[in-house]
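Side chains included, hydrogens not; waters and symmetry mates left out as well; all remaining heavy atoms used. Lettering of chains follows the sequences in order, A, B, ..., and the numbering in each one begins at 1. These numbers were taken from a predicted model, which means no experiment stands behind them.
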2 protein chains.
Amino acid sequence: MKYQRHNAIRELVAQSLVSNQDELRRRLRRKGFEVTQATLSRDIHELRLSKGPSGYSLPHGSGNGSAPVVVDDGPPSLAEMIESFGLRVRQAMNQVVVGTVMGGAQPVAAALDHEGWPEVVGTVAGDDTVLVICPDIRRASEVESRLRTMLES
Amino acid sequence: MKYQRHNAIRELVAQSLVSNQDELRRRLRRKGFEVTQATLSRDIHELRLSKGPSGYSLPHGSGNGSAPVVVDDGPPSLAEMIESFGLRVRQAMNQVVVGTVMGGAQPVAAALDHEGWPEVVGTVAGDDTVLVICPDIRRASEVESRLRTMLES
DNA sequence: TGCAGCCTTGCATACTTATACAGCCGTAAT
DNA sequence: ATTACGGCTGTATAAGTATGCAAGGCTGCA
């Protein structure tokens, strides 16, 4: 019976607005499926539905609503990156330019972004150059010297 | 302060797995935003995030579950691009940095170029960052607020 | 027939999210 | 300065969702 119920749920969710599990329960009952909220919670989990501002919806694409993103825990330390790939660091106005070995810009920029420094507004990476944008000249100096320290360590 | 918090939330949700509002609260605290779960509930509502098997995620396309059937008219507008891919907008001197989801920088920059704004001297796109160069600080502010409006819509 | 293993479900309850309400703060009009 | 209003927030709590546990029902095997 479970799979028929799953189909009914998919259908209801696709065609109409279902705001919560109790509403879903009542609607299913009208169709002859009589189960409790607990079961629906499990069904929804199995069907990988997601809940947004407009009620429940089917998983996106063929996979699912949101890609399997990596959990935020083990940062590849910026210092290591700079040490491995960095070649030079220079400041220009509110910008800092980091030269790296060929292909090193991307990972360095990513590590820098990951660091989340407030002095960094954003980074743009080419092949061997990372452009770091800072809010102003003072903070660019700040960033420059910090990066330079890593480079020279 | 609310607006910056929204940016931070978008970013966290795009880049990592956020399973619930309390986890979000703890992560935001590390970044300097100290608010309660109630506020986050409201933020999430305003940002129209949805929650699925893999945590919270950004709105899909321009709408969510219920797609407002739209006719395909010409090239996607900048506003749509920003809405789909944009995560944050910040100004630094005469530059504006637009953070996007991975891979979103290129299309956003293209749409921005296509727009032909006189306040935009040029754009450079990385993987997830667009650097917009403006003639001066005043016009950068102009551009920033315009983009921010699109982002917050 | 009796038993073991597995699946599905309901109940009770823990956990998570939303919201009514009130306080605070800044702005604009008086 | 005073008052009125509106936005943002925290507190307390209601509303909604997930899950440990145990019961009941299959199936396959001795």
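One can place CD of A/Gln37 at 11 Å from C1' of C/dA12, the figure rounded to the nearest angstrom. Across the protein-nucleic acid pair, B/His45 atom NE2 and D/dA15 atom P stand 18 Å apart, rounded to whole Å. B/Leu24 has its CG atom 13 Å from the C1' atom of C/dT16, to the nearest Å. Nucleotide D/dT9 holds its C1' atom 15 Å from the CD atom of B/Gln21, rounded to whole Å. For the pair A/Glu34 CD and C/dT9 C1', the computed distance is 13 Å after rounding to whole Å. Rounded to a whole Å, the CZ atom of B/Arg25 is 16 Å from the P atom of C/dA18. Rounded to an integer number of Å, the gap from B/Asp22 CG to C/dT17 P is 8 Å. One can place CG of A/Leu28 at 12 Å from P of C/dG10, the figure rounded to the nearest angstrom.
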Write out a two-atom table: protein N or O, nucleotide N or O from nucleotides 6-8 of chain C, distance below 3.5 Å.
residue	atom	partner	partner atom	Å
C/dT8	OP2	A/Lys2	NZ	3.3

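Among the heavy atoms of the strands, none lies under 4.0 Å from A/Glu23. The residue B/Ser41 sits close to a base: some heavy atom pair falls under 4.0 Å.
Side chains of A/Thr100 and A/Arg88: no donor on one and acceptor on the other come within 3.5 Å.
Between A/Leu49 and A/Ser57, the closest side-chain pair of non-hydrogen atoms is not below 4.5 Å. The shortest side-chain heavy-atom distance between B/Tyr56 and B/Ile44 falls under the 4.5 Å cut-off.
Checking C/dG10, D/dT17, D/dG10 against the side-chain heavy atoms of B/Thr36 singles out D/dG10 as nearest. The side chain of A/Ala38 lies closest to C/dA12, out of C/dT19, C/dA12, C/dT9.
Atoms CZ and CZ, on A/Arg25 and A/Phe33 in that order, are 15.0 Å from each other to the nearest 0.5 Å.
Exactly one of B/Val130, B/Val132, B/Leu131 qualifies for a side-chain contact (heavy atoms from CB on, under 4.5 Å) with B/Val97. That residue is B/Leu131.
Each of A/Arg42 and A/Asn20 was matched to the nucleotide of DNA chain D holding its nearest heavy atom; the match closer to the 5' end belongs to A/Asn20.
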Step by step, would you call B/Glu119 with B/Arg146 a salt bridge (charged side-chain N to carboxylate O under 4.0 Å, His left out)?
-> CA-CA 11 Å; B/Glu119 300 90 348; B/Arg146 215 178 302 167; 2.9 Å; yes
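The residues A/Glu144 and A/Arg148 are annotated as salt-bridged, a charged nitrogen and a carboxylate oxygen being separated by less than 4.0 angstrom.
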